[in-house]
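Contents: one structure, followed by commentary.
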Amino acid sequence: MSGTSSTDTLNRRRFLSGLAGAGAALSSLPAKAESAKPDPAITEVQDWNRYLGDGVQKTPYGMPSKFEKNVVRRDVSWLTASPESSVNFTPLHELDGIITPSGLCFERHHSGVAEINPADHRLMINGLVDKPLVFTMDDLKRMPRVNKIHFLECAANSGMEWRGAQLNGCQFTHGMVHNVMYTGVTLKTVLDEAGIKPNAKWLMLEGADAAGMNRSLPIDKALDDCMIAFGMNGEALRPEQGYPLRAVIPGWEGNLWVKWLRRIEVGDQPWQTREETSKYTDLLADGRSRKHTFVMDAKSIVTNPSPQAPLKYKGRNVLSGFAWSGRGTVKRVDVSMDGGRNWQTARIDGPVFDKSLVRFYVDFDWNGHEMMIQSRAMDSTGYVQPSKDELRKVRGVNSIYHNNGIQTWLVRSSGETENVEIG
Ligand SMILES: Nc1nc2c(c(=O)[nH]1)N[C@H]1C(S)=C(S)[C@@H](COP(=O)(O)O)O[C@H]1N2
Ligand SMILES: [Mo]
């Protein structure tokens with residue numbers, strides 16, 4: 001029997017006798033004949049098997065196990081000057097399946113998290129409309145509702161990697177992405193209610209944060225598949241994600257997904273705001289800039305193994321990662337273990353939705369040899385994720401945004417894994 005800890009409660013002691021029978025049964029299990037050293041995890045009765053656990057309502061809003069405290073968002077302290085205009089990163093190597101838990105969705109704010117009482121929040125629609133409107137949150141919640149699962153990727157995701165391998169961990173190289181189920185109203189529903197004029201071509205979405213962040217959105221995209229969402233993963237949006245209302249612009253760069261959404265102006269041309277002129281444009285080699293780079297191209301990342309999740313065992317292992325495309329669904333993911341010489345098709349498991357992450361696996365045996373692991377996504381338009389060199393050929397080396405090049409992880413024979421690039 002293992003020793004009892006000093007935190008034992010009276011309750012626990014009282015129930016010790018009650019559970020003695022069960023304990024005796026477990027400890028009388030025959031030890032495995034072939035195992036030289038008995039494993040106390042199986043031969044000893046554990047505390048949690050002997051004492052009563054916490055009752056209901058210990059945590060009215062449930063939290064992860066204390067043994068999961070590594071599973072957190074992280075920032076890179078030198079990346080930005082202040083925490084209000086900054087970013088943190090989703091711990092991709094700790095996740096599985098396709099849904100990002102709400103508390104782990106990376107955050108990107110230009111002026112901090114606005115704290116808004118939903119009772120005081122309004123959404124205004126003005127400009128080239130028949131009838132300017134102001135909605136309360138309750139108004140929006142009485143309109144026909146939809147649920148959609150989509151990824152959001154900041155255009156600057158992997159931006160540090162343009163000139164070579166930089167940050168050691170997929171959380172930092174690829175962690176500006178999350179995948180969430182949104183609940184809300186389609187943008188078309190609210191626009192139809194206001195009635196858009198025939199000459200309307202663009203919308204301007206504006207946030208209620210101190211940045212008043214705003215972006216121009218072409219009307220065709222708005223009417224096609226955009227939403228204004230008040231829910232994420234089955235509950236209200238988190239404050240960090242724009243509570244009480246945010247724009248959902250499926251497949252397009254995260255910057256367009258205006259949080260704390262308070263106004264939509266309808267116009268006939270783009271507004272040329274800061275976020276679509278001096279920012280979120282990329283300088284090409286010839287000195288010109290790319291304009292209105294909205295779509296996030298197909299991309300993938302192996303999350304396990306990766307620098308923060310080294311290989312621990314020889315023999316049976318699971319390689320895992322995910323892929324996404326802003327142009328549709330992911331059709332196939334190929335994985336190479338030798339730096340791109342040979343490729344095998346990974347097994348996609350779980351639901352495959354439009355403009356959503358898909359999860360892939362390769363079940364493999366590892367004999368301890370060094371590996372150069374890569375993954376390559378193909379989407380429903382036939383587009384194939386390029387290598388970083390192929391990207392640089394077209395885009396030069398002055399870019400920050402829209403780096404969807406193939407990532408390489410070097411797995412050493414110790415299992416330790418590093419961010420590298422092969423030429
Ligand atoms: N109002 C407002 N909306 C915003 C921002 C902001 O700072 N203010 N940041 C944008 C950027 S650059 C990105 S990448 C996404 C990040 O969304 P997230 O914080 O839910 O990850 O929100 C966008 N919407
Ligand atoms: Mo962003």
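Counting convention: from 1, in listed order, for ligands and their atoms alike. Hydrogens, waters and symmetry mates are skipped; everything else that's a heavy atom, side chains included, is used. In this text the structure is predicted, and so the values were computed from the model without any measurement.
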**Asked** Tell me, which protein residue and heavy-atom name are nearest atom 2 (C) of ligand 1, and how many Å apart are they?
**Response** D209 OD2, 3.4 Å

**Asked** Do you know the tightest heavy-atom contact between R392 and E161?
**Response** NH2-O, 3.9 Å

**Fill in**
In this structure, atom 21 (O) of ligand 1 is nearest to the protein heavy atom F106 O, 2.7 Å

**Prompt:** With a cut-off of 4.0 Å, which atoms of ligand 1 are near a heavy atom of E107?
**Reply:** 19 (O)

**Evaluation steps, salt bridge (Lys or Arg N to Asp or Glu O under 4.0 Å), between D47 and R50** = CA-CA 5 Å; D47 279 359; R50 201 186 303 156; 3.7 Å; yes

**Fill in**
For atom 3 (N) of ligand 1, the closest protein heavy atom turns out to be K259 N, 2.9 Å

**Message:** Can you report which non-hydrogen protein atom sits closest to atom 23 (C) of ligand 1, along with the distance?
**Reply:** G254 O, 3.3 Å

**Request:** Determine whether any heavy atom of R246 lies closer than 4.0 Å to an atom of ligand 1.
**Result:** yes

**Request:** Provide the number and element of each atom of ligand 1 under 4.0 Å from a heavy atom of H178.
**Result:** 18 (P), 20 (O), 21 (O)

**Request:** Provide, to 0.1 Å, the distance between atom 5 (C) of ligand 1 and the closest protein heavy atom, together with that atom's residue and name.
**Result:** M213 SD, 3.4 Å

**Item:** Lys/Arg cation over aromatic W343: R376, 6.0 Å, 45° cone
**Value:** yes

**Item:** Ligand-side contact atoms (ligand 1) for residue partner L152, heavy atom cut-off under 4.0 Å
**Value:** 17 (O)

